Structures are given as structure tokens and as C-alpha cells.
Amino acid sequence: MSSDQRRPFPFDEFEPKWQDQWEGAQAFRTPNPGDADFDASKPKYYVLDMFPYPSGQGLHVGHPEGYTATDIIGRFKKMSGFNVLHPMGWDAFGLPAEQYAIKTGQHPRKTTEKNIEGFRGQLKRLGFAYDWSREVNTTDPGYFKWTQWIFLKLYNSYVDEVTGKARPVSELEAKGMSREEIDARRLAYVSEAPVNWCPELGTVLANEEVVDGKSEVGGFPVERRPMRQWMLRITAYAQRLIDELDGLDWPESIRLLQRNWIGRSEGAHVTFKIAEFEREVMVFTTRPDTLFGATYMVLAPEHSLVSEITTAEQRGAVEVYQRTVMSKSDLERTELAKEKSGVFTGAYAINPVNGERIPIWIADYVLMGYGTGAIMAVPGHDERDFEFAELFKLPIKQVVQPPEGVKWQGFTDDGVAVNSGFLDGLTTAEAKVKMAAWLEEKGLGRGTVNYKLRDWLFSRQRYWGEPFPIVWEDGSHRAVADSELPVVPPEMEDFKPTGTPEPPLSKATDWVRYSETARRELNTMPQWAGSCWYYLRYCDAANTERFVSEEAERYWMGGGKPGGVDLYVGGTEHAVLHLLYARFWHKVLFDLGFVSTPEPFQRLVNQGLIMGEDGQKMSKSRGNVVNPDDVVAEYGADSLRLYEMFMGPLEQVKPWSMKGVEGVHRFLARVWRVVMEQDQAGEWVVSSQLQDVAPEKKLTKVLHETIKKCGEDIEKLSFNTAISQMMILTNALTQSEVRPASVVGIFLRVLSPFAPHVAEELNALLRGVFPEKAAAGFVADSVWPVFDPAALVEDEVEIVFQVNGKLRDKAVVPVGAAKEEVEKIALASARVQEFMEGKPVKKIIVVPGKLVNVVV
RNA sequence: GCCGAUGUGGCGAAAUGGUAAACGCAGCAGACUUAAAAUCUGCCGGAGAGCAAUCUCCUUGCCGGUUCGAGUCCGGCCAUCGGCACCA
């Protein structure tokens with residue numbers, strides 16, 4: 001069946017053949033600085049794919065979309081004289097791997113190895129020009145040794161307030177700071193705060209992993225509960241993570257996503273005294289100008305002051321409310337809670353601007369994790385406060401005058417201050433400044449900046465992850481020595497979650513016992529840890545002495561731009577997860593002098609999702625999933641690659657079409673038949689139409705247009721239009737009686753980044769008959785052709801004649817004809833005369849080589 | 001609610017402010033064939049006029065503006081998709 005005569009060209013024979021030859025010749029091995037065959041005179045180009053999580057399902061058609069795009073770029077850059085780094089690896093730790101292992105009753109190492117083998121085989125079958133000698137696997141002890149090492153860099157660093165840069169904590173020790181003070185400043189620290197606990201998954205999750213109150217993986221409910229967890233102080237980098245986006249070539253949408261996630265807002269801290277108590281409470285507000293309108297205060301139910309200030313009469317109600325809130329999941333507390341709720345504490349605060357006593361309430365619409373967990377409520381000019389005040393009949397006061405005809409109740413935009421003492425008459429912007437100054441002067445508050453971004457919850461109660469290189473003794477933690485890395489997880493028969501917050505590693509009692517008095521940390525790192533730095537490891541994947549050698553890092557990640565990787569292609573789903581985490585780690589390593597750029601990824605491109613043939617998202621339940629293996633078996637790897645690039649713009653969401661695959665497959669068959677024909681016996685032989693002749697001018701022009709357009713379009717990642725142009729050239733060749741071998745030879749080089757197998761095969765066959773006209777070795781090693789601008793110039797051009805902007809006539813004139821000359825021809829045109837209707841000419845616009853527009 | 005992206009033939013799409021629909025899919029017709037498939041060639045947005053070649057008008061989600069000229073630039077609206085969402 002596979003050698004069926006009907007197959008329009010024998011891709012199933014030559015595709016695996018060339019894959020073997022590339023591998024045998026190590027055609028895509030990239031030498032590193034210091035290697036004997038390294039050519040330092042060439043510029044570098046680092047093109048990176050988001051490495052896959054090797055699931056049991058195998059590749060889906062979304063993977064080859066981005067991978068083909070980077071492969072085309074990488075092959076093109078190689079042919080254009082660059083040292084190209086284009087590696088691949090496996091993001092293999094994490095929840096899904098462990099769940100799959102539990103489900104199939106195998107050890108995750110076994111299933112992971114099997115899945116990786118499957119993925120690697122599938123990728124090789126697509127002919128990607130990866131340097132497989134640099135393959136990385138996040139679950140390999142040789143790899144995660146360095147993940148743990150970087151964690152210890154975080155653990156042993158703090159952010160200097162003056163410079164905003166990470167420094168070793170040894171500097172704090174030198175200053176004589178206490179152990180507690182130092183622990184409170186580490187970039188990796190232990191916290192007891194309430195965290196996202198997912199009972200179903202048996203682990204805690206980061207904020208970024210919780211969507212609508214449910215776990216991103218599996219969609220299980222998530223609750224808040226206080227637990228002792230490792231946190232990474234990403235908030236210390238909030239401002240730099242916003243500011244340093246500016247130097248990057250990233251899609252504006254992704255930069256906005258990150259900015260919004262970090263959520264900077266400017267405002268002020270204001271201190272309120274609590275009546276009858278020697279206590280104060282600080283609130284954060286973005287509207288200090290409305291302080292005169294604060295008629296009550298709300299604390300988060302978890303706020304530490306609540307129990308202290310609640311009066312005896314209110315205590316019962318307050319405690320009931322606190323318990324209800326505690327038991328609610330995030331989903332219930334946000335998504336489902338349309339109605340405001342809350343309880344009066346019985347206590348009062350003093351508004352510092354006017355001395356008014358305002359009641360203190362607790363309500364779950366105030367979140368403990370943002371600002372200070374306490375707000376001044378200005379119901380006149382805040383929607384939420386307004387709704388709450390209406391419900392509980394609290395006073396609502398106007399302090400901002402809206403524009404004419406707009407109701408002031410609930411008006412939240414900028415206006416003019418009223419009923420606000422010394423602020424009256426000022427615009428909102430002016431009033432904010434004046435109030436902040438007033439507060440500062442009186443020692444009651446000051447202007448401040450707040451971020452929505454929270455610190456990164458970094459520990460998981462799972463088996464299949466990097467163990468922390470930390471031990472505990474006498475209630476305090478310390479790092480293990482670098483020489484003890486990697487800390488390898490223990491061999492365990494039973495690695496299932498315990499169903500409680502107790503991590504599964506607790507069951508490995510021998511492993512846990514570090515010494516007579518010390519115990520190992522039982523948590524593991526989240527999946528994101530390994531992907532935070534894998535792009536660095538590729539630069540020097542086999543190094544056992546260092547996470548990456550200085551020389552290799554400088555060469556591949558350097559280059560004078562803020563970001564080191566020249567092009568990074570992947571899905572948009574990592575916008576606030578991996579892409580934020582990796583930037584954070586990279587900045588820490590940069591501050592500490594371990595990497596040479598402040599940002600990891602210079603140019604980022606998100607490929608669009610591929611939908612099913614029905615226009616719906618591909619899913620097993622819908623039955624619209626396309627398996628790339630089936631496509632490769634029926635049409636070949638080149639057809640799959642080419643189709644995915646021809647579907648439409650890379651970044652766009654687009655539906656699959658099997659008919660479309662057949663279309664590009666037919667195109668490749670046409671290319672094949674440009675070079676080959678069948679003899680009497682039905683064997684493929686080089687076509688007799690191929691001849692060693694000089695091409696006609698017209699064909700030469702199409703060829704050079706193709707070289708030019710394909711080169712430019714590859715740089716722009718506009719692969720669909722590049723392929724269109726190759727189709728135009730192929731159609732021209734098909735229609736020529738005589739096909740110049742030189743044209744075909746050059747065309748195969750242009751085609752090769754897109755459809756490398758058929759290009760290699762045809763080049764080898766061409767070489768057999770016209771050795772001078774074909775690339776000598778692999779086409780993949782040949783040089784990208786240079787187009788001749790002279791070949792693009794025509795003797796004559798068609799000029800369009802318009803009357804009042806409407807097309808009326810055309811004429812062919814010599815290139816470079818004088819303006820006056822062309823004008824004369826246009827006016828002489830009978831059709832132009834007809835549409836001028838004898839009216840006088842007001843103006844004539846001549847665009848050289850394009851058109852004449854007569855305005856009457 | 002806020003933010004972002006996208007709206008062009010039957011479909012995927014293409015068009016530095018200058019001939020809208022390149023290229024492909026589907027469809028139609030012809031050639032080859034006993035026949036079919038494959039292949040090759042031609043046609044292929046809508047309305048109208050003409051026997052015909054051909055010609056006229058309309059057409060890039062909707063309304064308006066700038067311009068000699070707008071799918072493209074500006075303003076307003078509508079729809080679809082994606083993200084965020086009690087963040088004070």
C-alpha cells in the first residue's frame with residue numbers, strides 16, 4: 001500500500017532517508033565557542049520553541065505550527081550565514097505527568113521516559129533541524145541540579161532597596177543583621193499566609209494557576225487556607241517587570257496582559273485612628289482626594305485587628321461571618337457573590353481630615369491580600385462602596401462634582417472637589433496631589449504605589465518535582481551545600497498525594513532524615529521551575545561544572561539587545577505564567593552577574609490556535625481532533641509543514657482543512673513533476689524538459705521575485721505569502737516547455753527551509769544530471785540565493801488611467817517615461833476623454849510607473 | 001464592566017494610501033481516457049445591458065470624515081473571539 005503507484009511522489013521513501021542522512025552527518029549540530037569547528041566570524045541567531053510537556057497523547061497539530069515556523073527561520077538563517085542555535089527539550093516534571101502515572105499505575109519516570117521517546121520520534125519524523133545533542137530534560141538530575149542551584153541563589157539573595165537589584169544575603173550578614181531580619185528579606189522565603197489549596201489535586205497552587213476559583217489543571221475547586229509554604233519574592237521586581245518590557249519586540253497584547261497582571265496603581269496610604277483604642281489602621285486608596293467623603297471603613301474579615309476591636313454585642317455576628325467567609329472557596333467568594341455582605345464590628349475610626357467618627361465593618365469584598373486589607377469607603381464615588389452603603393443604609397456623601405447632567409451618586413470619574421474643605425474647587429488630579437502632601441506633612445500618610453501581583457507560591461505537595469535543597473533543624477531552614485546537589489527524590493512505591501497538606505515525600509522516612517537532628521524539606525518545586533531557565537541550559541547543555549559556561553552564555557545570549565534569545569515562538573497561554581516567571585529568574589541571575597542581558601527573550605511571537613474542521617476548539621469529546629501522525633502517513637512531513645504554514649498568518653486563529661492539506665500536497669507533487677517524469681516502465685526519471693539553457697527573461701524575473709519575496713517574508717514570519725510566491729514560480733515552470741536546470745536548482749534552495757525533504761531529494765536527483773546546477777552537499781548546507789535587482793526591472797509597465805479616482809483605461813508605457821509624456825497619453829485616451837465629459841481639467845496626479853489620475 | 005484582537009468571494013486568505021479578491025480550496029467546463037481517478041487548460045463576488053467580444057453600476061461589518069484617490073488613515077457605532085474582573 002505504501003508504494004502504491006497512485007502516490008503522486010514517493011515521499012514515504014525519501015523523507016525517512018533524508019532524516020537518517022541528516023542525523024548521520026550531524027547536519028544540524030551547532031558548534032559552541034571553543035569547539036574546533038566553531039566559526040567566530042559568523043553572527044549568531046538563537047531561535048527557540050516553547051519546549052513541550054511530553055504528554056501521553058503525543059503531538060497535536062498545534063505543536064508543528066510553531067515548530068515549523070522556527071524551523072524555517074532557523075534553516076533560512078543558517079543558509080544566510082548565521083550560527084544558528086535551534087534546540088529542543090522536555091518540560092517533564094509536573095502535575096499531569098504524575099496524575100498520568102498514578103492513573104496507569106506506573107512510576108512517573110517510566111511514563112515520562114516513554115512519552116519523551118514518543119515525542120522525540122514524532123518530531124524527528126517532521127524533519128526539524130534541531131541540534132539534538134543539546135536536548136534537555138527538566139527531570140534529569142544533571143539538569144535539575146542547576147534548577148536547585150538557582151533556587152539557592154534566590155534563597156541566598158535579597159533586593160537592595162536603593163539600587164533595586166538582587167544582592168547576596170552575605171552582605172546583610174556582614175552588616176550584622178539577625179537571622180530573622182535576613183530571612184524576612186530573602187527572595188525565597190517561608191510564609192504562613194493563606195494559600196490556594198486544592199483538595200482534589202492534593203496540593204497548593206500559585207495565583208496564576210487558579211482560574212475562576214478553580215485549578216487550571218483539572219478544573220477542581222480551590223480553597224484558601226493558611227499553610228507554611230515557600231514563596232518567591234517576585235513582587236520585588238514588579239516595577240522592573242513592567243518597565244523593562246519596553247525594550248522588547250513582543251506583541252502589544254502580551255505586554256498589556258503582563259502589565260495588567262502586575263497591576264500597578266498609584267495612590268496613598270492613610271492612617272486612621274480607632275476610637276476608644278490606642279490603635280491605628282492603615283488603608284490604601286487610589287483616591288485620596290475623596291477622603292472627606294469616607295463615611296465608613298471596611299476591613300477584610302481576616303484582618304488581624306478585627307478580633308481586637310469588635311465590641312461584645314457584635315462579637316457573635318462577626319465570628320459567624322468570619323467563619324462563613326473562611327469556608328468559602330474563591331469561586332464562591334468572587335464569581336458567585338453578586339450580593340454584597342458584611343457585618344458591623346461595633347468599633348469606630350476617626351477620619352483624619354474632619355475628625356468624624358465612622359463605623360468599621362468587615363466584608364469579604366475587601367481582600368486581605370491587596371493593599372493593607374483595609375479600605376476607607378467612599379460610597380459617593382465608588383461603585384462597590386455605593387452598593388454596600390445602599391444595602392446597609394450607610395451615609396453617602398458627595399465630594400466630587402461631575403460634569404453637567406451627570407448624577408453624582410456613584411460617579412467615579414474625575415471631576416471637581418466639593419464639600420472637601422481645603423480641596424474645594426480643585427480638579428481630581430490636583431486634589432490627589434494636595435491631599436497626599438497634606439497627609440505627609442501631618443504624618444498621617446503618604447503617596448504610594450501598589451501592585452496586584454502577589455509573591456509566587458513556590459511549593460507543591462507532590463512527588464514528581466524538584467526537591468528543595470533545604471533542610472530544617474531546630475525550626476529553622478538552611479541550604480544544603482552546593483556539593484550535595486542534586487538533591488534527588490527518593491525511590492518510592494507509593495508516591496500518591498496523602499490527601500492532606502502533608503507532602504508525599506513525608507512517607508520516605510529514610511530520605512527525610514538528613515541527620516540526627518535535621519530533616520529535609522518535604523515540598524517540591526512547581527512545574528514552572530524547570531522552564532524558568534531551560535533556554536540558558538541549551539547554550540551549554542552538557543556542562544557539569546556550571547549551569548552554563550560564561551563563554552557560551554555570552555555568545556548565544558549576548559548581542560547588545562535587552563533580550564538574549566533572538567526569536568521565541570509559542571502559545572499565548574503562558575503570557576502571565578512561564579513568561580513572567582522566566583523574566584523574574586533571569587533578572588535575578590542578571591543582577592547577580594550570572595547572565596549578560598536583563599531580559600531572556602528579545603522577540604516573542606505567539607502562534608494562533610488551530611481549530612477543528614468545524615471551527616470549534618479541537619477536543620476528544622467533539623471528535624474533531626486531527627492527529628499529525630495520520631497526516632504524515634498519508635501526505636508526508638513536508639505537506640504537513642507546508643500546510644500549517646499556508647493556512648494563514650502564523651499569529652491568527654484558524655480552522656483545519658484536510659482539503660487544504662491536499663492542496664499543498666498537490667503543489668509539492670507539481671514541484672516533483674517539474675523535475676521528474678515517469679518513463680515507459682513507470683519509473684521516476686529526471687524530466688527531459690529539464691535542460692541546461694539560459695532562462696527567458698520572464699522566467700528569470702519570476703525566479704528573482706521569488707528569491708526576494710521568500711527571503712523578506714521569512715523575516716516577517718509571513719510564510720503563507722512566501723508559499724504563494726513559490727506556487728506562482730512552480731506554475732510558471734510547469735507551463736514552460738523547456739525548464740532551465742539553473743532555475744530549478746535555485747528554486748530548490750528557496751523551497752528547502754519549508755519542505756526540506758523534497759528539496760534534498762530533488763536536488764540530489766538534479767545533481768545526477770546537472771552537477772553544476774545543484775547544491776553539492778545537503779541543500780540545507782547550501783547558501784541562500786541572492787536576487788538580482790536588475791532581473792526584476794521590466795522594460796515596460798502598465799499605467800492605470802483614472803478620472804476622478806475611478807479606473808477608466810490602461811496603457812503600457814516604457815519604464816521611466818517622462819511625467820509629461822505619460823500625462824499626454826492619458827489625456828489622449830478616448831475613454832479618459834469620454835469620462836471627462838468635456839469638463840476642464842482641475843488637476844492631474846501622476847504616480848510614476850503606477851497611474852495617472854485626471855481630476856475634473 | 002474594563003482591556004485587547006478580528007470583521008474582505010461559497011471557504012482559507014492577499015493587497016508600501018494608488019487596478020480589491022494574488023495564491024489555494026470547493027465548484028463549473030474542456031483536453032487526455034473505453035470509463036473513472038490522476039494530470040493539464042480555461043472560467044469562477046453581485047446586479048444590469050449586449051448575439052458577441054465587451055461595457056456600466058455596486059461591493060472589504062455599519063455610519064460619518066480626511067484625501068485627487070480609503071480595505072488601508074481619523075471619529076463614532078455594531079458583531080465575534082480572547083484575557084482580566086469586588087485590586088479600593
Side-chain angles (χ1 to χ4, degrees), chain A residues 5-8 211-212 251-257 259-261 263-265 267 283-287 290 294 298 300 333-335 337-340 363-367 369-378 381-385 387-388 412 450-454 572-573 575-576 606 608-609 611 615 617 643 646-649 651-664 666-667 669-670 673 718 720-728 730-731 734-735 798-810 831 842-847 849-856:
Chain A
Q5 280 298 315
R6 282 171 183 257
R7 222 166 265 279
V211 181
D212 294 339
E252 189 51 34
S253 58
I254 297 289
R255 298 203 293 198
L256 263 158
L257 238 42
R259 280 200 201 96
N260 292 341
W261 185 262
R264 178 193 159 97
S265 57
V283 303
F284 172 70
T285 177
T286 54
R287 294 294 300 271
T290 61
V298 186
R333 202 168 151 171
T334 58
E335 194 83 345
K338 295 263 154 44
E339 288 270 297
K340 290 273 180 295
D364 64 0
Y365 81 92
V366 174
L367 310 171
Y370 182 76
T372 61
I375 63 156
M376 60 178 219
V378 183
H381 306 287
D382 181 281
E383 272 176 51
R384 297 147 303 180
D385 298 346
E387 202 186 314
F388 191 82
T412 56
N450 228 313
Y451 301 93
K452 275 196 257 184
L453 184 71
R454 317 287 164 83
T572 186
E573 67 273 16
V576 292
N606 294 116
L609 207 61
M611 311 298 267
K617 222 172 186 163
Y643 171 65
F646 188 59
M647 290 175 86
E651 301 184 53
Q652 196 166 297
V653 178
K654 42 210 177 277
W656 187 268
S657 159
M658 241 0 145
K659 286 285 183 192
V661 181
E662 281 175 36
V664 290
R666 265 203 292 271
F667 160 65
R670 274 164 82 88
R673 287 195 310 270
S718 179
N720 53 335
T721 51
I723 295 166
S724 298
Q725 182 61 40
M726 289 190 285
M727 286 172 168
I728 291 169
T730 303
N731 289 345
T734 301
Q735 281 161 7
E798 191 184 56
I799 298 276
V800 172
F801 299 153
Q802 297 180 334
V803 178
N804 287 339
K806 277 195 195 286
L807 172 70
R808 293 308 178 189
D809 204 1
K810 302 167 188 182
R831 288 188 44 78
K842 261 165 73 179
K843 198 172 171 185
I844 298 185
I845 287 124
V846 181
V847 181
K850 280 263 180 193
L851 62 78
V852 177
N853 188 11
V854 182
V855 186
V856 296

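Throughout, protein chains are lettered first and strands after them, A, B, ... in sequence-line order, and every chain is numbered starting at 1. All figures in this text were calculated on a predicted structure; none of them were measured in a lab.
Considering only side-chain atoms of Leu807(A), the nucleotide from A13(B), U19(B), C68(B) that sits closest is U19(B). With distances taken from any side-chain atom of Val800(A) to the nucleotides U19(B), C68(B), A13(B), the minimum falls on U19(B). The side chain of Lys654(A) lies closest to A13(B), out of U41(B), A88(B), A13(B).
Residue Arg264(A) is classed as having no contact, given no heavy-atom separation below 4.0 Å to the nucleic acid. Residue-level contact check: Arg831(A) touches the backbone only, with heavy atoms under 4.0 Å from sugar-phosphate atoms and none from bases. Residue Lys810(A) is classed as a base contact, given a heavy-atom separation below 4.0 Å to a base. Within 4.0 Å (heavy atoms only), Leu256(A) reaches sugar-phosphate atoms of the nucleic acid but no base atom. At a threshold of 4.0 angstrom between heavy atoms, the contacts of Ser265(A) are confined to the sugar-phosphate backbone, with no base atom among them. When heavy atoms are screened at a 4.0 angstrom cut-off, Glu798(A) is found touching base atoms of the nucleic acid. Residue contacts for Asp385(A): at a heavy-atom cut-off of 4.0 Å it reaches no nucleic acid atom on any strand shown. Pro649(A) comes within 4.0 angstrom of sugar-phosphate atoms only, judged by non-hydrogen atoms across all strands, and of no base.
One P atom belongs to C77(B), the other to C2(B), and the distance between them is 11 Å to the nearest Å. Here the separation of U72(B) from A85(B), taken at their P atoms, is 35 Å to the nearest Å. Atom name C1', nucleotides G9(B) and A20(B): the rounded distance is 11 Å, in whole Å. Nucleotides C81(B) and G12(B) are separated by 16 Å at their P atoms, to the nearest Å. Between the P atoms of C11(B) and G61(B), the separation comes to 13 Å (whole Å). When the P atom is used for both G71(B) and C62(B), the distance is 11 Å, rounded to whole Å. Taking atom P in both A13(B) and A22(B), the straight-line distance is 15 Å, to the nearest Å. Look at the C1' atom in both G4(B) and U54(B): the space between them is 49 Å, to the nearest Å.
With both pairing distances under 3.5 Å, C73(B) is matched to G65(B) as a Watson-Crick or G-U wobble pair. Applying the Watson-Crick and G-U wobble criteria (two distances, each under 3.5 Å), A21(B) pairs with nothing in any strand. Partner assigned to C51(B) is none, using Watson-Crick or G-U wobble distances below 3.5 angstrom.
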Can you name the atoms? Protein N/O to nucleotides 23-25 of chain B N/O, anything below 3.5 Å, with the distance.
from	atom 1	to	atom 2	distance (Å)
G24(B)	OP1	Asn731(A)	ND2	3.1
C25(B)	OP1	Arg666(A)	NE	3.1
C25(B)	OP1	Arg666(A)	NH2	2.9

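Taking only side-chain nitrogens and oxygens, Gln802(A) never comes nearer than 4.0 Å to OP1 or OP2 of U19(B).
Within 3.5 Å, no donor on the side chain of Glu383(A) pairs with an acceptor on the base of G1(B), nor the reverse.
Rounding to whole angstrom units, CG of residue Asp364(A) and C1' of A85(B) are separated by 15 Å.
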